[in-house]
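What follows is one structure encoded as structure tokens, with my remarks underneath.
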Amino acid sequence: LGLGLAGAPAGSVTSLKLRQVVAEAGPLEEYRLDEYEAMRDDEQRTSKYAAAIRRRLAAFKEGTASVVDIGTGPFALLAIMAARAGARRVYAIERSPGAASLAREAVAAEGLA
């Protein structure tokens, strides 16, 4: 999907250096399946994400874009949307072993594995 910086000329290459990475313990590391199911089943919300992903990937020649979905969750929703929208390669990254396992199942169920 790309990283754009405000004010950068179109087509320019801009490097971004992160000064600090913060990993928090507690609620951000936990997930509840029912919360993800509610997000997945929110058609108004997910349809807007799907439309935005399709619009962004339409700017690339078919099959040339690579997408990184960090924190893909147990259903890999955005990663699957990107694959359906024509991304050449999609990297779905998930820290939680349980969520990652479910994400693999979701991707396989979509025939994208």
Side-chain angles (χ1 to χ4, degrees):
L1 292 170
L3 173 64
L5 299 178
S12 70
V13 176
T14 305
S15 67
L16 177 67
K17 194 177 221 182
L18 299 178
R19 294 184 201 163
Q20 180 179 9
V21 176
V22 178
E24 296 188 25
L28 293 178
E29 292 183 1
E30 299 172 5
Y31 79 95
R32 289 187 23 209
L33 193 56
D34 63 325
E35 292 171 340
Y36 279 94
E37 288 170 339
M39 287 188 282
R40 176 198 62 198
D41 297 340
D42 182 348
E43 180 60 33
Q44 185 176 10
R45 176 185 174 275
T46 56
S47 66
K48 289 178 182 175
Y49 277 110
I53 290 169
R54 282 192 305 272
R55 279 193 310 271
R56 183 64 181 115
L57 290 177
F60 294 89
K61 183 179 173 186
E62 179 76 23
T64 61
S66 294
V67 173
V68 178
D69 178 9
I70 299 174
T72 198
F75 303 120
L77 291 176
L78 302 180
I80 290 170
M81 290 175 190
R84 287 180 180 160
R88 173 181 60 92
R89 188 168 300 249
V90 178
Y91 299 93
I93 301 167
E94 176 56 54
R95 181 174 186 229
S96 166
S101 178
L102 291 172
R104 282 187 207 94
E105 291 175 17
V107 169
E110 294 293 323
L112 299 169

Answer yes or no: is there a side-chain heavy-atom contact under 4.5 Å between [X] and [Y]?
| X | Y | value |
| --- | --- | --- |
| V67 | L57 | yes |
| I93 | T72 | no |
| L102 | L33 | yes |

Taking all heavy atoms of [X] and all of [Y], pick out the closest pair and write down the distance.
| X | Y | result |
| --- | --- | --- |
| A106 | P74 | CB-O, 4.2 Å |
| A108 | A113 | CA-CB, 3.9 Å |
| R32 | D34 | NH2-OD2, 2.6 Å |
| E62 | G86 | OE2-CA, 3.9 Å |
| L112 | A83 | CD1-CB, 3.9 Å |
| E94 | A100 | CG-N, 3.6 Å |

Kindly state each residue pair satisfying side chain to side chain donor-acceptor pair (under 3.5 Å) with at least one member in residues 43-53, sequence neighbours excluded.
none
The side chain to side chain contact (heavy atoms under 4.5 Å, CB included) partner of E37 among R40, E35, M39 is R40
Co-membership, hydrophobic cluster, residues F60 and M81, 4.5 Å side-chain:
yes
Say whether F75 and V107 are linked into one hydrophobic cluster, either directly or through other cluster members, by side-chain heavy-atom distances under 4.5 angstrom.
no
First locate atom CG of L78, then atom CD1 of I53, and finally report the distance between them rounded to the nearest 0.5 Å.
4.5 Å
Quick one: salt bridge (charged side-chain N to carboxylate O under 4.0 Å, His left out) pairs with a partner in residues 69-90, sequence neighbours left out?
R84-E110
